[in-house]
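Worksheet: the structure to be examined is printed underneath.
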Amino acid sequence: QGMADSTVAVQLTEDPEVYICRPLVETAIANLVRNAKVHGKAPITIHIGVDGGRAHIDVDDNGAGIEAAQREPLFEPFARGDRRRNGLGLGLPLARQIARRHGGDVSFVDLPQPGFRARLSLPIASE
């Protein structure tokens with residue numbers, strides 16, 4: 001499935017205030033969406049909300065996901081899971097580096113099958 005074949009829906013549950021470098025965080029989100037489009041299955045949905053006092057941007061797809069043992073290695077530069085995966089293997093490491101520079105992180109969450117989530121979390125701005 002090509003990237004132009006699928007639509008991305010956005011669902012805003014809450015509107016948390018975060019202090020970010022917008023172009024960097026946009027790059028991180030774009031990398032997660034690209035991964036969902038290339039390796040997941042439509043529809044792709046972005047959920048924005050709050051969980052545990054942190055803002056989160058979830059990128060969900062209806063694919064089978066990634067086995068638990070294979071997840072953390074995908075955050076290493078140039079890792080591609082298996083030889084059939086496209087790209088240089090820099091999208092996830094860059095997304096995580098951007099999130100961590102903002103005090104957040106990127107992780108994977110299993111959803112009811114089918115379904116898989118990449119979560120970018122960020123600290124909520126202090127009052």
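Heavy atoms only: backbone and side chains are in, while hydrogens, waters and symmetry mates are out. Position 1 is the first residue of the sequence, and the numbers go up from there.
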Open item on the list: So, taking the atom named CG in D51 and the one named NE2 in H56, what distance separates them when rounded to the nearest 0.5 Å?
Closed with: 5.0 Å
Open item on the list: To the closest 0.5 Å, what do you measure between CG (L120) and CZ (R54)?
Closed with: 9.5 Å
TODO: Measure from the side-chain N and O atoms of R71 to the backbone N and O of I66, and report whether any donor-acceptor pair falls under 3.5 Å.
DONE: yes
Open item on the list: Show the nearest heavy-atom pair for residues A99 and S121, with the distance to one decimal.
Closed with: CB-O, 4.5 Å
- [ ] Just do the side chain to side chain contact (heavy atoms under 4.5 Å, CB included) check on I48 and I46 with the steps written out, would you?
- [x] CA-CA 7 Å; I48 301 168; I46 299 174; 4.2 Å; yes
Open item on the list: Looking at every non-hydrogen atom in both residues, tell me the closest pair between P93 and L74 and how far apart they are.
Closed with: CD-O, 3.8 Å
Task: Closest heavy-atom pair and its distance - N31, A95 - done: ND2-N, 4.3 Å
TODO: With V106 as reference, evaluate L32, I98, I57 under the side-chain contact (heavy atoms from CB on, under 4.5 Å) test and give the passing residue.
DONE: L32
Open item on the list: Please give me the minimum heavy-atom distance between T13 and G49, naming the atom from each residue.
Closed with: CB-CA, 4.4 Å
Open item on the list: To check you understand the geometry: which heavy-atom pair defines the closest contact between P77 and L90, and what is its length?
Closed with: CB-CD2, 4.0 Å
Task: Side chains of D110 and F116 in contact at under 4.5 Å (non-hydrogen atoms) - done: yes
Open item on the list: To the nearest 0.5 Å, what is the distance between CZ on F75 and CD on Q97?
Closed with: 13.0 Å
Task: Main-chain N/O of G63 paired with D61 side-chain donor or acceptor, under 3.5 Å - done: yes
TODO: Indicate yes or no: at least one non-hydrogen side-chain atom of Q11 is less than 4.5 angstrom from one of T45.
DONE: yes
Open item on the list: Counting only heavy atoms from other residues, nucleotides and ligands, does the tally under 6.0 Å from CD of Q113 exceed 12?
Closed with: yes
Open item on the list: Whether R119 and D105 form a salt bridge (side-chain N of Lys/Arg under 4.0 Å from carboxylate O of Asp/Glu) is what I want to check.
Closed with: no
Open item on the list: R101 vs L24, test: side chain to side chain contact (heavy atoms under 4.5 Å, CB included). Steps then yes/no.
Closed with: CA-CA 10 Å; R101 285 189 175 217; L24 289 177; 6.0 Å; no
TODO: Flag the pair P43 / T7 as yes when at least one side-chain heavy-atom distance between them is below 4.5 Å, and no otherwise.
DONE: no
Task: hydrophobic_cluster_shared for L92 and V8, side chain cutoff 4.5 Å - done: yes
TODO: Taking the side chain as every heavy atom from C-beta outward, state whether V50 and I124 have any atom pair closer than 4.5 Å.
DONE: yes
Open item on the list: I'd like to know whether V25 forms a side chain to side chain contact (heavy atoms under 4.5 Å, CB included) with H102, so could you lay out the CA-CA distance, the side-chain angles of the two residues, the decisive distance to 0.1 Å, and finally the verdict.
Closed with: CA-CA 9 Å; V25 173; H102 286 82; 3.9 Å; yes
- [ ] Give the minimum heavy-atom separation between G104 and P123, together with the two atoms involved.
- [x] N-CD, 4.0 Å
Open item on the list: Under the side-chain contact (heavy atoms from CB on, under 4.5 Å) test against H47, which residue among D58, L12, V10 passes?
Closed with: D58
Open item on the list: Between E72 and R96, does any side-chain N to carboxylate O distance fall below 4.0 Å?
Closed with: yes
